[in-house]
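First up is the structure itself, then whatever we jot down about it.
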Amino acid sequence: MELNRQSYLALLKEGKAAFAAGDPSNACPYDQYSASQEQQFGARYWTQGWVAARTAVEAKNPEAEISAGQ
């Protein structure tokens, strides 16, 4: 994997798709603690995509965050 803008955007999209599929945030296929820079890069941007998708859903439905906690 090249650590560039295309990879970054693909990983964001992959994370958003995982959220849409119902995968939990800890389902990231990349290891943020790996010595491999590619694994760290993958984990960082996959997770950012997942969080962005979750945030977008919560922004549309402000009660989703409240009801999930109860």
Side-chain angles (χ1 to χ4, degrees):
M1 170 192 327
E2 290 188 41
L3 311 181
N4 58 28
R5 184 170 173 81
Q6 280 184 301
S7 299
Y8 155 77
L9 293 173
L11 289 164
L12 285 177
K13 189 179 288 187
E14 191 179 316
K16 289 177 182 180
F19 179 81
D23 293 341
S25 61
N26 64 356
C28 179
Y30 305 97
D31 182 8
Q32 67 180 351
Y33 302 111
S34 172
S36 167
Q37 193 175 19
E38 291 180 357
Q39 286 289 313
Q40 293 174 10
F41 182 86
R44 180 179 304 122
Y45 294 113
W46 184 97
T47 303
Q48 280 186 6
W50 190 94
V51 170
R54 182 188 72 186
T55 302
V57 167
E58 289 175 351
K60 291 178 185 174
N61 184 6
E63 293 186 20
E65 186 177 337
I66 296 168
S67 63
Q70 292 179 342

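Residue Gln6 holds its CD atom at 11.5 Å from CG of Leu11, rounded to the nearest 0.5 Å.
In terms of heavy atoms, Tyr30 sits closest to Gln39 at CA-OE1, 3.3 Å. When all heavy atoms of Asn4 and Phe41 are compared, the closest pair comes out as O-CZ, 3.8 Å.
Applying the salt bridge (Lys or Arg N to Asp or Glu O under 4.0 Å) definition to pairs two or more places apart or across chains, those involving residues 43-56 are Arg54-Glu58.
Remark: side-chain polar atoms of Gln32 are not paired, donor with acceptor, to backbone N or O of Ala43 under 3.5 angstrom. A side-chain donor-acceptor contact under 3.5 Å links Gln40 to the backbone of Ser34. Counting only distance, with no hydrogens or angles, the side chain of Thr55 and the backbone of Val51 share a donor-acceptor pair below 3.5 Å.
The closest side-chain heavy-atom distance from Leu9 to Arg5 is below 4.5 Å.
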Pair up each side-chain donor or acceptor in residues 20-27 with any protein partner under 3.5 Å, not counting sequence neighbours, and list the distances.
none

